[in-house]
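Heads up, the thing below is written out as structure tokens.
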Amino acid sequence: MIDWIAELLGTERGHMVRKVLQLGVLLLLGWAGTGLVRLIARRIEIAADDGDGSVLSAGEKRGQTIAQLVRSVGRAVVLVAVLMSGLNLFIDIRPLLAGVGILSLAVSFGAQSLVKDLISGFFILLENQFVVGDGVRIGEHSGTVEQVSLRAVRLRDLHGALHIIPNGSIPWVINTSRGWSRAVVDIPVSYGTDVDHALAVVRDELTRFRADPAWKARFDGGSEVVGIDRFGDNGIVIRTLIRTVPGQEGPAFREFSRRLKLRLDAEGIQIPAAQRTILMQPSAGRPDVQTADPLNDDAPLDEG
């Protein structure tokens with residue numbers, strides 16, 4: 001049996017069978033390499049996990065970003081390695097590599113924007129400018145970062161639209177999720193309200209909000225009612241600053257606004273509605289001028 005296999009492999013047909021078997025081994029190694037890349041990426045995510053599922057920390061965001069990069073780059077490397085090794089089994093790829101080198105040199109002159117994207121993406125990741133899950137503003141677009149690669153950034157805005165922004169075209173970045181965030185809650189009260197009582201109510205509600213066990217982990221540092229911010233057209237505006245962990249300023253703003261509205265209603269403190277006063281004066285001594293009825297433009301009130 002062994003002699004027959006050796007004789008078969010020595011023939012031209014056996015040579016082809018050997019190459020097919022080698023190609024199968026290459027495919028198996030490629031499959032194993034892809035699995036290893038997935039395993040490494042998963043290990044990175046697990047190492048960055050702090051065990052708190054309610055809040056995505058900065059370390060977890062960076063771990064997810066690096067894991068995404070490992071998956072994309074690792075799969076590309078494994079695919080190219082398997083493809084080139086598989087071709088080398090059947091043809092001599094050295095002339096092909098030389099031709100590819102010359103072609104890549106020619107293409108590089110027309111692909112300067114791609115090179116710029118790759119270099120910019122490398123420095124974005126190296127400098128840790130933003131990671132997956134950060135709320136950022138890039139140029140005219142703002143939203144949550146869903147993916148960061150060496151070529152482009154995927155940004156999901158508030159309306160659900162996905163913006164794919166090449167790294168080389170990013171002029172500047174405003175990161176609202178780095179270190180800590182802040183929710184600014186402005187609440188107007190009518191001019192007839194006892195301001196000291198209203199301030200006491202807002203401070204008390206803020207204390208209750210911060211003491212809520214379901215929200216304690218989302219706060220970072222102190223929060224305060226800074227007092228009267230301005231005199232508006234319809235009422236006095238009281239400002240509250242709530243400092244949160246990155247990415248939680250939106251939920252904290254909405255929840256505290258809800259609680260504050262219910263509390264003000266219970267306390268009988270009125271939130272003013274927009275009002276407009278219209279003064280109308282008849283034109284004296286001019287019988288040809290009519291004063292219009294504000295409720296009916298077609299019906300004059302006075303004909304002189």
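Because only heavy atoms are used, hydrogens play no part in the values below, and waters and symmetry mates are left out as well, while side chains stay in.
- By the 4.5 Å heavy-atom criterion applied to side chains, I238 and D229 are not counted as neighbours.
- No side-chain heavy atom of T240 sits less than 4.5 Å from a side-chain heavy atom of I187.
- In this structure, OG in S190 is found 8.0 Å from CD1 in I236, a value given to the nearest 0.5 Å.
- Electrostatic pairing of R182 and E249 does not count as a salt bridge here, judged by no charged N lying under 4.0 Å from a carboxylate O.
- Ion pairing of D265 with K261 is present here, as a side-chain N (NZ or NE/NH1/NH2) and a carboxylate O approach within less than 4.0 Å.
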Evaluate the criterion side chain to side chain contact (heavy atoms under 4.5 Å, CB included) for residue pair D220 and T244; output intermediate values, then yes/no. CA-CA 5 Å; D220 183 352; T244 69; 5.7 Å; no

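- Atom CG in L150 sits 6.0 Å away from atom CG in L125 (nearest 0.5 Å).
- The salt bridge (charged side-chain N to carboxylate O under 4.0 Å, His left out) contacts involving residues 156-175 comprise E146-R156, where partners must be two or more places apart or lie in separate chains.
- When the side chains of ILVMFWY residues are joined at heavy-atom separations under 4.5 Å, either directly or via intervening members, L158 and I165 end up in two distinct hydrophobic clusters.
- Under the side-chain hydrogen bond (donor to acceptor under 3.5 Å, both in side chains) criterion, R210 pairs with S223, sequence neighbours left out.
- Inter-residue side-chain proximity for V189 and I271 is flagged as unmet; no heavy-atom pair is nearer than 4.5 Å.
- Between L29 atom CG and T34 atom OG1 the span is 10.5 Å, to the nearest 0.5 Å.
- Two residues are said to be in side-chain contact when any heavy atoms from C-beta on lie closer than 4.5 Å; R230 and D186 meet this criterion.
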Just do the side-chain hydrogen bond (donor to acceptor under 3.5 Å, both in side chains) check on N167 and D117 with the steps written out, would you? CA-CA 5 Å; N167 293 327; D117 293 340; over 6 Å; no

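- Taking the charged nitrogens against the carboxylate oxygens, R259 and D212 do have a contact shorter than 4.0 Å, which makes a salt bridge.
- Put simply, I124 and W172 are part of two different groups of oily side chains (I, L, V, M, F, W, Y) that touch within less than 4.5 Å, one to the next.
- Hydrophobic clustering of Ile, Leu, Val, Met, Phe, Trp and Tyr side chains at less than 4.5 Å, counting indirect connections, unites I228 with L206.
- Counting all heavy atoms, side chain and backbone alike, P188 lies closest to P272 at O-CD, 3.5 Å.
- Side-chain atoms of D204 and R263, non-hydrogen and from C-beta on, do get closer than 4.5 Å to each other.
- Surrounding CZ of R151 are at most 12 heavy atoms belonging to other residues, nucleotides or ligands under 6.0 Å away.
- Taking the six-membered ring where tryptophan is involved, the planes of W215 and F209 are tilted, since the angle between them lies from 30° to 60°.
- With a 4.5 Å cut-off on side-chain heavy atoms, P251 and R218 count as touching.
- To the nearest 0.5 Å, atom CZ of residue F219 and atom CD1 of residue I242 are 6.0 Å apart.
- V237 and V202 are not part of a single hydrophobic cluster, where members link through side-chain heavy atoms under 4.5 Å apart.
- Contact check for V173 versus F130: side-chain heavy atoms found under the 4.5 Å cut-off.
- Under a 4.5 Å side-chain heavy-atom cut-off, the cluster of Ile, Leu, Val, Met, Phe, Trp and Tyr residues that includes V184 is completed by V226, L241.
- Under the 4.5 Å side-chain criterion, counting only non-hydrogen atoms from C-beta, R203 is not in contact with E224.
- Here the CD atom belonging to Q129 is positioned 11.0 Å from the CG atom belonging to D134, to the nearest 0.5 angstrom.
- Taking NE2 of H141 as the reference point, atom CD1 of I170 lies at 10.5 Å (rounded to 0.5 Å).
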